[in-house]
Amino acid sequence: MAKTIRLPRAGGALYEYTTGKSAGFEVPASPFTGRVAFSAAHVVCDPFADADPLNNAQIDWNATLGYRHHLWSLGLAVAEAMDTAQRGMGLDWLRAKELIRRSIAEARTVGGRIACGAGTDHLAPGPKVTLEDVEAAYEEQVGFVEGEGGQVILMASRALAACASGPDDYERVYGRILRQVKQPVILHWLGDMFDPALAGYWGYRDDLDAAMDVCLRVIRANADKVDGIKISLLDAEKEIRMRRLLPENVKMYTGDDFNYPELIRGDDQGYSHALLGIFDAIAPAAAAALHALDRGDLDRYESIMAPTVPLSRHIFQKPTYAYKTGIVFMAYLNGRQNHFRMIGGAEGARSIVHLADLFVLADQAGLLADPEMAVERMNAALALAGIR
């Protein structure tokens with residue numbers, strides 16, 4: 001049933017908006033086969049924990065793991081303890097270990113695919129940090145993930161970005177870690193729009209092509225230890241260029257939350273798989289679209305994916321690293337969690353106008369599972385902002 005709601009514009013004016021009908025995406029029970037698709041998954045804060053919400057926010061394990069079961073039920077793989085889970089922005093390594101341990105155990109109960117972030121976030125960057133320190137930090141986290149039986153996503157390192165003197169240092173550190181891993185890993189090149197502390201990664205601050213060449217050298221030298229690479233640069237041309245230069249056995253996992261439909265669809269020279277934060281928010285649509293792609297129904301694929309792009313670009317607008325707020329708000333609107341609270345107090349990282357626009361774009365993409373409930377929850381957020 002359509003519902004009407006009064007929403008704010010920038011400047012304070014209100015307007016009436018009437019919801020459409022939920023798309024009700026049908027997702028076949030059989031898995032899709034043409035692409036590997038990971039959804040980076042968010043964590044749900046425990047709103048009843050009597051703890052410092054900025055520095056010691058607690059996780060609601062039932063809701064957090066329940067969301068991962070939701071993703072697996074749609075045929076998506078889970079990328080655990082990544083940027084979308086507020087890794088390094090509210091989720092520290094101590095809690096990330098518990099999240100990884102629990103999620104890997106849950107994945108086994110349903111045969112769900114999972115890969116987990118291993119980085120160096122327990123090592124604070126500083127003038128005394130050495131390359132040996134970075135290597136030891138990577139070894140600790142990689143060892144933990146593999147010890148739990150998980151595939152590793154080798155995350156970018158703030159400490160390495162701070163202490164590396166040039167490309168050779170990146171090749172040294174990555175080479176050492178890759179030589180030790182038990183099974184092929186997914187590398188993760190996260191652009192500084194997602195994390196400003198990663199500016200100049202691979203040894204080049206203002207030359208992405210030169211940085212890409214360093215990354216490619218690392219991959220080629222260790223191709224048997226690399227399942228694929230996820231790049232999150234929000235630059236489709238750079239991703240396509242790199243995709244065409246990868247060794248044949250190494251996958252490109254798009255992390256481009258602006259241009260993912262075209263990159264996943266691909267061209268006559270190849271395509272990208274997916275490891276995307278936006279898939280957390282658009283999971284039913286993404287799964288239905290990937291099944292359409294399997295059938296060769298490109299029109300259906302486009303008709304599902306295209307309306308999600310304005311929503312994704314809105315959620316990931318600058319400052320890009322605040323996108324987690326929109327991801328969690330979508331889960332709240334759709335009843336996947338009972339509150340709009342986040343670890344680190346990150347629910348306050350976007351304005352009420354931003355959230356109102358997100359509501360409209362989600363509705364237009366058919367992604368409000370229950371428009372009546374979504375309106376009720378949007379109204380609660382509006383009331384908290386003084387809008388009645």
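This is a predicted model, so every value here is computed, not measured.
- In this structure, D257 contributes its side chain and I278 its backbone to a donor-acceptor pair below 3.5 Å.
- Proximity of M252 to L263: side-chain heavy atoms (C-beta onward) are nowhere separated by under 4.5 Å.
- Here F38 and F279 keep their ring centres 6.0 angstrom or further from each other.
- Heavy atoms of other residues, nucleotides or ligands lying less than 6.0 angstrom from CZ of R341 number 12 at most.
- Ion pairing between K238 and D209 holds under the 4.0 Å rule for side-chain N and carboxylate O.
- For R102 and E106, the salt-bridge test fails: no basic side-chain N is under 4.0 Å from an acidic carboxylate O.
- Using modelled atom types and a 3.5 Å distance limit, the side chains of Q141 and H122 yield a donor-acceptor pair.
- Side chain to side chain, T84 and Y323 meet the donor-acceptor criterion of an N or O pair below 3.5 Å.
- If you take CG on L290 and CZ on F32, they are separated by 5.0 Å, rounding to the nearest 0.5 Å.
- Side-chain contact between E372 and V375: absent, with no pair of heavy atoms (C-beta onward) separated by less than 4.5 Å.
- Distance CD1/I219 to NZ/K225: 15.0 Å, rounded to 0.5 Å.
- A 6.0 Å sphere centred on CZ of R295 holds more than 12 heavy atoms belonging to other residues, nucleotides or ligands.
- For the side-chain contact (heavy atoms from CB on, under 4.5 Å) criterion with Q337, the lone passing option out of T64, V44, D60 is V44.
- Residues F258 and D235 have side chains not in contact (no heavy-atom distance under 4.5 Å, counting atoms from C-beta outward).
- One finds a salt bridge joining R244 and D267 here, because a Lys/Arg side-chain nitrogen approaches an Asp/Glu carboxylate oxygen to under 4.0 Å.
- A distance-only check finds no donor-acceptor pair linking the side chain of S312 to the backbone of V309 [under 3.5 Å].
- Remark: R220 CZ is packed, more than 12 non-hydrogen atoms of other residues, nucleotides or ligands lying under 6.0 Å away.
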Steps toward side chain to side chain contact (heavy atoms under 4.5 Å, CB included) verdict (L382, L7): CA-CA 8 Å; L382 293 168; L7 296 173; 4.0 Å; yes
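- Between the side chain of S39 and the main chain of D280, a donor-acceptor pair closer than 3.5 Å is present.
- Taking 4.0 Å as the cut-off between side-chain N and carboxylate O, E171 and R217 count as a salt-bridged pair.
- A donor-acceptor pair is defined here as one N or O able to donate and one able to accept, closer than 3.5 Å; no such pair exists between the side chain of Q86 and the backbone of L91.
- Linking Ile, Leu, Val, Met, Phe, Trp and Tyr residues whenever their side-chain heavy atoms come within less than 4.5 Å places W202 and I231 in a single cluster.
- For the pair L384/F340, no side-chain contact is recorded, criterion being any heavy-atom separation below 4.5 Å from C-beta on.
- A salt bridge is absent between E146 and K182: the closest approach of a Lys/Arg side-chain nitrogen to an acidic carboxylate oxygen does not fall below 4.0 angstrom.
- Residues V134 and Y170 fall within the same hydrophobic cluster, defined by Ile, Leu, Val, Met, Phe, Trp and Tyr side chains chained together at heavy-atom separations under 4.5 Å.
- The side-chain heavy atoms of L368 and S22, taken from C-beta on, include no pair separated by under 4.5 Å.
- Residues I352 and M378 meet the side-chain proximity criterion, which asks for heavy atoms closer than 4.5 Å.
- Counted by atom type alone, Y174 and N222 present zero donor-acceptor pairs between their side chains at under 3.5 Å.
- In the model, T254 has no side-chain atom that pairs as donor or acceptor with a side-chain atom of S272 under 3.5 Å.
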Chi angles and distances behind the side chain to side chain contact (heavy atoms under 4.5 Å, CB included) call for F359, I5: CA-CA 11 Å; F359 175 92; I5 184 173; 4.0 Å; yes
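- V43 and I114 are assigned to two separate hydrophobic clusters, defined by single-linkage of ILVMFWY side chains at heavy-atom distances under 4.5 Å.
- Looking at E139 and R176, a side-chain N of the basic residue comes within less than 4.0 Å of a carboxylate O on the acidic one, giving a salt bridge.
- A salt bridge between R101 and E98 is present, with a side-chain N of the basic residue lying under 4.0 Å from a carboxylate O of the acidic one.
- In this structure, H273 has its ring center under 6.0 Å from that of Y271.
- Between the CG atom of L123 and the CD atom of E135 there is a distance of 11.5 Å, given to the nearest 0.5 Å.
- Contact check for Y260 versus D256: no side-chain heavy atoms found under the 4.5 Å cut-off.
- Under a cutoff of 6.0 Å and an axis angle of 45°, R9 and Y15 form a cation-pi pair.
- The neighbour count for Q183 CD, taken as heavy atoms of other residues, nucleotides or ligands under 6.0 Å away, is above 12.
- Using modelled atom types, one side-chain atom of N334 and one backbone atom of A369 make a donor-acceptor pair closer than 3.5 Å.
- Between the side chain of D294 and the backbone N or O of G34, at least one donor-acceptor pair lies under 3.5 Å.
- Looking at R113 and D227, a side-chain N of the basic residue comes within less than 4.0 Å of a carboxylate O on the acidic one, giving a salt bridge.
- Connection of L14 to L355 is established within a shared hydrophobic cluster, with ILVMFWY side chains joined at heavy-atom distances below 4.5 Å, either directly or through further cluster members.
- Results of the salt bridge (Lys or Arg N to Asp or Glu O under 4.0 Å) test with D195 over R158, K324, R87 single out R158 as the only residue that passes.
- No salt bridge links K3 with E376; every basic N to acidic carboxylate O contact stays at or beyond 4.0 Å.
- Cluster annotation: Y201 and F194 are assigned to the same hydrophobic cluster (Ile/Leu/Val/Met/Phe/Trp/Tyr, side-chain heavy-atom contacts under 4.5 Å, transitive).
- For the pair R350 and F329, the NZ or CZ position fails the cation-pi test of under 6.0 Å to the six-membered ring centre and within 45 degrees of the ring normal.
- Using modelled atom types, one side-chain atom of N249 and one backbone atom of A223 make a donor-acceptor pair closer than 3.5 Å.
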Please report the C-alpha distance between K97 and E148 in whole Å, then the side-chain angles of each, then the deciding distance to 0.1 Å, and finally whether the salt bridge (charged side-chain N to carboxylate O under 4.0 Å, His left out) criterion is met. CA-CA 10 Å; K97 286 197 291 185; E148 293 294 322; over 6 Å; no
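- Under a 4.0 Å N-O distance rule, the pair R95/D92 qualifies as a salt bridge.
- Summarising the local packing, CG of D50 is surrounded by 12 or fewer heavy atoms from other residues, nucleotides or ligands at distances under 6.0 Å.
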Pair H188, S232 - check side chain to side chain contact (heavy atoms under 4.5 Å, CB included), show working. CA-CA 8 Å; H188 187 193; S232 299; 3.8 Å; yes
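- Ionic pairing of K230 and D83 is not present here: no N-O contact between side-chain nitrogen and carboxylate oxygen is shorter than 4.0 angstrom.
- In this structure, the separation between CG on L245 and CD1 on I240 is 12.0 Å, given to the nearest 0.5 Å.
- A distance of 10.0 Å separates CG in L208 from CZ in R241, rounded to the nearest 0.5 Å.
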Could you give me the CA-CA distance, side-chain angles and deciding distance for H291 and E26, then say whether side chain to side chain contact (heavy atoms under 4.5 Å, CB included) is met? CA-CA 10 Å; H291 276 289; E26 294 186 7; over 6 Å; no
Determine, step by step, whether D213 and Y204 satisfy the side chain to side chain donor-acceptor pair (under 3.5 Å) criterion, reporting the C-alpha distance in whole Å, the side-chain angles of both residues, the deciding distance to 0.1 Å, and the verdict. CA-CA 10 Å; D213 289 342; Y204 291 95; over 6 Å; no
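- No donor-acceptor pair closer than 3.5 Å links the side chain of H42 to the backbone N or O of M342.
- Interatomic distance, CD1 of I327 versus CD1 of I315, reported as 5.0 Å (0.5 Å rounding).
- At a threshold of 4.5 Å between non-hydrogen side-chain atoms, the residues L187 and L178 count as touching.
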